[in-house]
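In what follows, a single structure is set out as structure tokens and then discussed.
The figures here come from the full heavy-atom set of this structure, side chains too, leaving out hydrogens, waters and symmetry mates. Per chain, numbering begins at 1; letters A, B, ... match sequence-line order. Note that the structure is predicted; figures quoted are calculated from it, not measured.
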Amino acid sequence: MPELAEVEFYRKQWDAGLRAKILSVELHARKRVFRGGKTRELRQHLTGSRFTESSARGKQMLFRFSGGNWLGLHLGMSGTLRVEPAEFRPEKHDHLLLRQVRRALVFRDPRLFGRVRFHHGKATPPWWSMAPEISSADFNANYVAEFLRRHSRAPIKAVLLLQHGFPGVGNWMADEILWRAKVAPAKRTGALTSTQVRALRRATRFVSSEAMRIIGRDFSDPPRSWLIHERWKAGGICPRHKTPLTRGTIGGRTTAWCTKCQPE
DNA sequence: GGAGATGTTTCAAG
DNA sequence: GCTTGAAACATCTC
């Protein structure tokens with residue numbers, strides 16, 4: 001599920017627990033979400049620490065705790081973060097639970113494609129580094145052009161999904177961006193005109209900022225005019241033309257587009 | 001029962 | 001060494 005704005009929404013859920021102590025940590029240590037992770041260290045260090053700060057970059061989240069403790073979370077395909085009452089009993093898919101006096105912070109992930117990481121140290125973890133965020137000044141025309149050039153033989157849909165170039169963009173956002181920029185998803189990146197590249201960057205920034213504003217705030221629905229509402233529907237139509245959408249697999253992912261808006 | 005799902009990593013080939 | 005594409009990962013839903 002979660003892309004840029006959904007991740008932002010979930011991150012903020014845990015902010016209810018800011019400044020409060022972690023009384024205890026409960027986790028399903030053998031689950032895949034902890035792969036390669038130091039669950040014992042995580043439990044020992046977080047217990048008794050205070051939750052001080054949270055941030056997100058693309059789909060990655062970082063939660064900071066007193067004493068130089070950092071928790072990294074990725075939601076994968078089906079992860080969510082939420083807050084439950086203090087006496088909450090975790091269920092089957094609630095793989096990590098941080099207990100505070102007044103609440104429990106819960107990470108759930110049925111499909112286990114998400115990931116939990118832990119780092120103990122003064123500075124931010126070594127794995128916390130990322131490409132320029134879409135909303136930043138560094139995500140400029142030169143940066144985008146250079147990234148596209150490096151992937152000139154790949155279909156543009158696949159390139160939009162690369163997190164080290166377009167952090168936070170996932171399957172629905174990529175389709176939304178391509179539809180707005182009127183670019184066919186299978187188009188080889190190197191074959192794009194400069195007008196199309198400009199349109200893509202513009203659409204990327206627009207979809208990101210609007211999604212953050214609407215979905216990121218309270219999980220509201222984007223306007224009816226967005227492609228997202230038609231993408232998976234049987235008989236989904238282009239919001240512009242009311243013509244049926246085309247479906248196919250591009251870059252290994254199901255893709256929906258309008259052949260009238262986005263001709264080859 | 002089978003296919004597919006809003007993601008990333010790994011591996012092999014070019 | 002870099003890019004690309006397919007498979008693998010685990011579970012649920014239609």
At 4.0 Å (heavy atoms only), tell me whether A:Arg149 reaches a base, stays on the sugar-phosphate, or touches nothing. nothing

Between A:Trp14 and the options A:Phe65, A:Phe107, A:Phe63, the ring-ring contact (aromatic ring centres under 6.0 Å, His included) test singles out A:Phe63

Paired to C:dT3 by Watson-Crick or G-U wobble criteria (both distances under 3.5 Å) is B:dA13

Quick note, A:Arg111 side chain, CB onward, closest among B:dT8, C:dA10, C:dT4 is C:dA10

Note to self: Is the phosphate of C:dC12 approached by A:Lys92 (side-chain N or O, under 4.0 Å from OP1 or OP2)?
What the structure shows: yes

So A:Arg153, base contact, sugar-phosphate only, or nothing? Heavy-atom distance under 4.0 Å. sugar-phosphate

Strictly below 4.0 Å: does A:His74 bring a side-chain N or O up to OP1 or OP2 of B:dG7? no

**Neighbour count >12 (heavy atoms, 6.0 Å) for atom CZ, A:Arg202** = no

Ranking B:dT9, C:dG5, B:dT6 by distance to the side chain of A:Arg115, first place goes to B:dT9

Requested in this report: Would you indicate, yes or no, if B:dG7 has its OP1 or OP2 atom less than 4.0 angstrom from a side-chain nitrogen or oxygen of A:Lys59?
Outcome: yes

What one should report as the nearest heavy-atom pair of A:Ile228 and A:Glu176 is N-OE1, 2.9 Å

Side-chain atoms of A:Glu6 come closest, of C:dA10, B:dT6, B:dG7, to B:dT6

Discussion item. Please confirm whether the shortest side-chain N or O distance from A:Ser78 to OP1 or OP2 of B:dA5 is below 4.0 Å.
Written reply: no

Winner on side-chain proximity to A:Ala154, out of C:dG5, B:dT6, C:dC12, is C:dG5

Taking a pair to mean Watson-Crick or G-U wobble geometry with both distances below 3.5 Å, B:dT6 pairs with none

task: Identify whether the distance between the nearest side-chain nitrogen and carboxylate oxygen of A:Glu3 and A:Lys59 falls below 4.0 Å.
output: no

| query | Which part of the nucleic acid, if any, lies within reach of A:Gly170 when heavy atoms closer than 4.0 Å are counted: base, sugar-phosphate only, or nothing? | reply | sugar-phosphate

Original post:
Would you say a side-chain N or O of A:His151 is under 4.0 Å from OP1 or OP2 of C:dC2?
Top reply: no

Query raised in the report: Any cation-pi pair here, A:Arg180 with A:Trp226, using under 6.0 Å and within 45°?
Result: yes

Side-chain contact check for A:Lys31: nearest option of B:dG7, C:dT11, B:dT6 is C:dT11

Query - Ring-base stacking, A:Phe113 with B:dT8 (5.5 Å, 30° cut-offs) - result: no

| Would you say A:Gln163 reaches B:dT8's phosphate, i.e. side-chain N/O to OP1/OP2 under 4.0 Å? | yes

The residue, A:Gly252 or A:Arg150, whose nearest nucleotide of DNA chain C is more 5′ is A:Arg150

Rounded to whole Å, CZ of A:Arg35 lies from P of C:dC9 at a distance of 12 Å

Short side-chain N/O contact to B:dT6 OP1/OP2 from A:Trp232, under 4.0 Å
yes

